[in-house]
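Accompanying notes for the structure given below.
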Amino acid sequence: MSENVQTLLKETRKFQPPLAESVGFEKWHVESLDEYKKLHERSIQHPDTFWAEEAQRLSWFKHWDHVLDWNPPDAKWFVGGKLNACYNCVDRHVQSGHGDECALVWEGEPVNPRTNHPAPGSAYAHEPEIRRVTYRELEEQTSRIGNALKELGVQKGDVVTVYMPMVPELAIALLACARIGAAHSVIFGGFAPHAISERAIDANSKVIITADGGFRRGEIVPLQKNVEEAVKQLAEKDHHINHVLVLKRTGHEHPKFEGGTVPASLKAADPKAKTKFHWWHEIAERVSSACPCESMDSEDMLFLLYTSGSTGKPKGIVHTTGGYLTFVNTSARLTFNLVPDTSQLFWCSADIGWITGHSYVLYGLLSNRIPSLLYEGAPNFPDNGRFWDIISRHKVTQFYTAPTAIRTFMKWGTEWPDKYNMSSLSVLGSVGEPINPEAWIWYHETIGKKRCPIVDTYWQTETGGHVVTPLPGATPTKPGSCTLPMVGIDAAIVNEAGEELGANKGGLFVIRKPWPGMLRGVYGNRERFISNYWGRIKDPKTGTPFYFSADGARRDEDGYFWVQGRVDDVIKVSGHLLGTMEVESALVSHAAVAEAAVVGVPHEIKGSGIVAFVTLKSAWAKANPGRQPDDKLRAELTSHVAKEVGALAKPDQIRFAESLPKTRSGKIMRRLLRDVAAGVEKITQDTTTLEDFSVVAKLRADEE
Ligand code: WTA
């Protein structure tokens, strides 16, 4: 048992939910544990009436015929209903008289060199750039970009790839897709060109929206350059991108092009290149500002979002319109106690490129008419107080971030948050990985001043929204536990046979009934949809498949869930999912590498760190006579991984070995490597820098 799990088992502190007034609210949506229990019970016993009431909060062009069709593992929600997600997040608020209210508050990373004076009350030499976007402006901009996409040939049902920095236009791009009935597929701006090309080909996407660059920690991220590279890679595979729409964000030199033409840099590589690049502002100005919201079937795809799996290739998770929007609307409202028409300002620090950003920067917030704050850059630019400065200047009311960020803030010290007045805060959220009690307590005391309830929300790209979480006015919290299931979620801990386990028995996390936000498939891969999520665990009585999240967890004597982490070959690095196979494939694509095995190890800040065991091709030894694998080669392999996958996949450690320990049937002994990497198992080192696994491998071969 890992140390972490042992501390969690010992954790007995309990925090009661505060009174609504003490955090500046009039009331909580759900005011007591008892009320939550009744609501949850009703949502499970009568899902049809419960979810019909919730779905009524949205505007439908046509009412559904019935709530649910459930043919496991396929669910259809609000069958026959018609709606539009952009209409629900934007137009209806304009029509109900809220057009001039703020929908997005955006702050850029650079501290603006244009106003050359210290901003009042700001610690910086210059004011950061701030934009406030109203619902009316969003309506106009999403209409213009909707029309722009149509002009570029995008039709209802097509997939548009989006690779952008955290700027309001990213939200506008997604809502514009939704407006015209195209699905968006967002690729996190930290990923490398290969990630763009493999996802675009899988989604059969022909149009990409990007920006010339984005600002991150004072530097420019070369987004457009990466897209050009991806376009070239795709052309080699005979997949042609027709158009790239480019937002001018950084305005830096590289690479210039004239709107509506094939950039010279592409032509230089391939004279037959036919991908046209367009400037966002040029098209947006030219096209009409009238663009009706398409009437979409409740089950039409709203978006695709790729997530890592235990094979090398990411999975395109399919979410549809009616169920997803209902689920994020309800979960956002209850988990964060959202109340429109008040002075709430919600800040989720996740990038829109992840599911957290889709659900709780964009759709869950705007569909509730709650302004959402977007920040473009890094938490330590220009100094370690940036997040707290943002919270105090904008008077953020709900703040949602990841444990890895919290642990980093702890390391930086309380002097940073202590400089700022953060009394506007009411609810604090955590997401992405288990939060260790120490970080939970720090968050509660240092940021929340012991006033603000902490909501530790457990969920996944596949679940669309929160599936286990406290409700801030109802659920007593225990540091490290994500507590109790969201309404409508029938969660359980079971063994391989699907039998529910008793208190404090570690098992597998499953959901036994369908819920509106559940994934509808893995794009173009039915087999993977079934085998990954539905093929492993069944209801022992009826044989109905259960949804399996691939996480191990336990429930304590109060029924509280404690997530222990992934049970597959997927690791969480700084809250980002990464398949070990993705990193291995990147390593073996380097000329020097013969074999690679990648494992996760506990890491103080990142949750998991990446350790790669690598064997080299004999050709490398021949080409480098007398040279031992060294730090220079390590650095080369590390930057190769960054180039192939993205910086977040860089191994923390690369260890060279003669050979990798394998079982008699040839399987790499990962468990052994994990122990070696974590220092649990010492191996006998000879005098060279190569590790020799033969001794331990022999000892362990029979166990695996
Ligand atoms: C992990 C992120 C413990 C879990 C929303 C899950 C968590 C994976 C928590 C999904 C939490 C997320 N406590 N573990 N509160 N939240 N996880 O798809 O392993 O990027 O399976 O979605 O993150 O990651 P994904």
Side-chain angles (χ1 to χ4, degrees), residues 4-5 8 11 186 188 190-191 303-310 314-319 327-328 331-332 335 348-361 363-364 400-407 428-437 439-440 443 454-470 475 477-486 489 491 493 508-511 517-519 522 532-533 547-555 560-579 582 600 606-608 648:
N4 194 21
V5 175
L8 289 177
E11 181 59 55
V186 184
F188 171 56
F191 278 132
F303 65 84
L304 260 181
L305 187 59
Y306 283 83
T307 183
S308 294
S310 38
K315 304 171 274 193
I317 302 302
V318 176
H319 282 290
F327 192 63
V328 295
S331 55
T335 305
C348 164
S349 72
D351 193 286
I352 290 185
W354 307 107
I355 189 68
T356 307
H358 281 56
S359 300
Y360 302 107
V361 173
Y363 290 113
Y400 194 24
T401 196
T404 183
I406 299 169
R407 290 189 292 263
L428 297 175
S430 171
V431 57
E433 50 182 317
I435 180 166
N436 45 313
W440 195 104
Y443 199 26
I454 307 273
V455 289
D456 172 7
T457 62
Y458 165 74
W459 59 294
Q460 307 178 295
T461 305
E462 293 86 343
T463 66
H466 308 148
V467 293
V468 183
T469 176
T475 319
T477 48
K478 303 182 190 184
S481 166
C482 50
T483 76
L484 299 168
M486 171 51 62
I489 300 295
I493 303 301
L508 309 170
F509 181 91
V510 296
I511 303 177
M518 66 197 266
L519 78 165
V522 172
N532 263 275
Y533 305 105
Y547 171 82
F548 174 42
S549 74
D551 281 303
R554 70 181 169 92
R555 286 186 98 157
Y560 277 40
F561 285 83
W562 300 75
V563 176
Q564 287 156 348
R566 307 283 305 192
V567 298
D568 54 5
D569 285 328
V570 169
I571 47 180
K572 273 257 149 170
V573 182
S574 300
H576 303 321
L577 271 191
L578 208 59
E582 282 175 87
K606 299 198 220 175
S608 294
L648 62 91

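All ligand and atom numbering here is 1-based and tracks the order in the structure.
Note: Y533 and Y547 have parallel aromatic rings, judged against thresholds of 30 and 60 degrees for the angle between ring planes. Aromatic ring pairs are classed by plane angle as parallel below 30°, tilted from 30° to 60° and perpendicular above 60°; the pair F561 and F509 is perpendicular.
Of the N or O atoms in T307, none lie within a sub-3.5 Å distance of an N or O in ligand 1. For ligand 1, the polar-atom distance check against Q460 finds a nitrogen or oxygen pair separated by under 3.5 Å.
Contact annotation for T461 and ligand 1: heavy atoms of both the backbone and the side chain come within less than 4.0 Å of the ligand. Contacts between C482 and ligand 1, counted as non-hydrogen atom pairs separated by less than 4.0 Å, are absent for every part of the residue. In I435, neither the side chain nor the backbone holds a heavy atom less than 4.0 Å from any atom of ligand 1.
The closest approach between a heavy atom of G432 and any atom of ligand 1 is below 4.0 Å. For the ligand labelled ligand 1, residue W354 lies outside the 4.0 Å heavy-atom shell.
Side-chain N or O atoms of E582 include none that pairs as donor or acceptor with a backbone N or O of S308 at under 3.5 Å. Looking at H358, its side chain does come within 3.5 Å of a backbone N or O of W354 through a donor-acceptor pair.
Contact annotation: the side chain of C348 approaches that of T356 to within less than 4.5 Å [non-hydrogen atoms, C-beta and beyond]. A heavy-atom distance below 4.5 Å is found between the side chains of Y400 and V431.
Atoms of ligand 1 lying under 4.0 Å from any heavy atom of V431, numbered from 1 in the order shown and given with element: 5 (C). Near V563, meaning under 4.0 Å from one of its heavy atoms, ligand 1 places the atoms 3 (C), 14 (N). Counting atoms of ligand 1 from 1 in the listed order, those under 4.0 Å from a heavy atom of T356 are 5 (C).
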From CA spacing to verdict: ring pair (Phe, Tyr, Trp, His ring centres under 6.0 Å), F327, W459: CA-CA 12 Å; F327 192 63; W459 59 294; 8.9 Å; no

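Using modelled atom types, one finds no donor on one side chain facing an acceptor on the other under 3.5 Å when comparing Y458 with T463.
Scanning all protein heavy atoms for the shortest distance to atom 6 (C) of ligand 1 gives D551 OD2, 3.2 Å. The protein heavy-atom contact nearest to atom 3 (C) of ligand 1 is P434 N, 3.1 Å. At the shortest separation from atom 10 (C) of ligand 1 among protein heavy atoms lies W459 O, 3.6 Å.
Here atom 2 (C) of ligand 1 lies nearest to K572 when heavy atoms of E433, K572, R566 are compared.
In this structure, E462 CD and I511 CD1 are separated by 10.0 Å, a value rounded to the nearest 0.5 Å.
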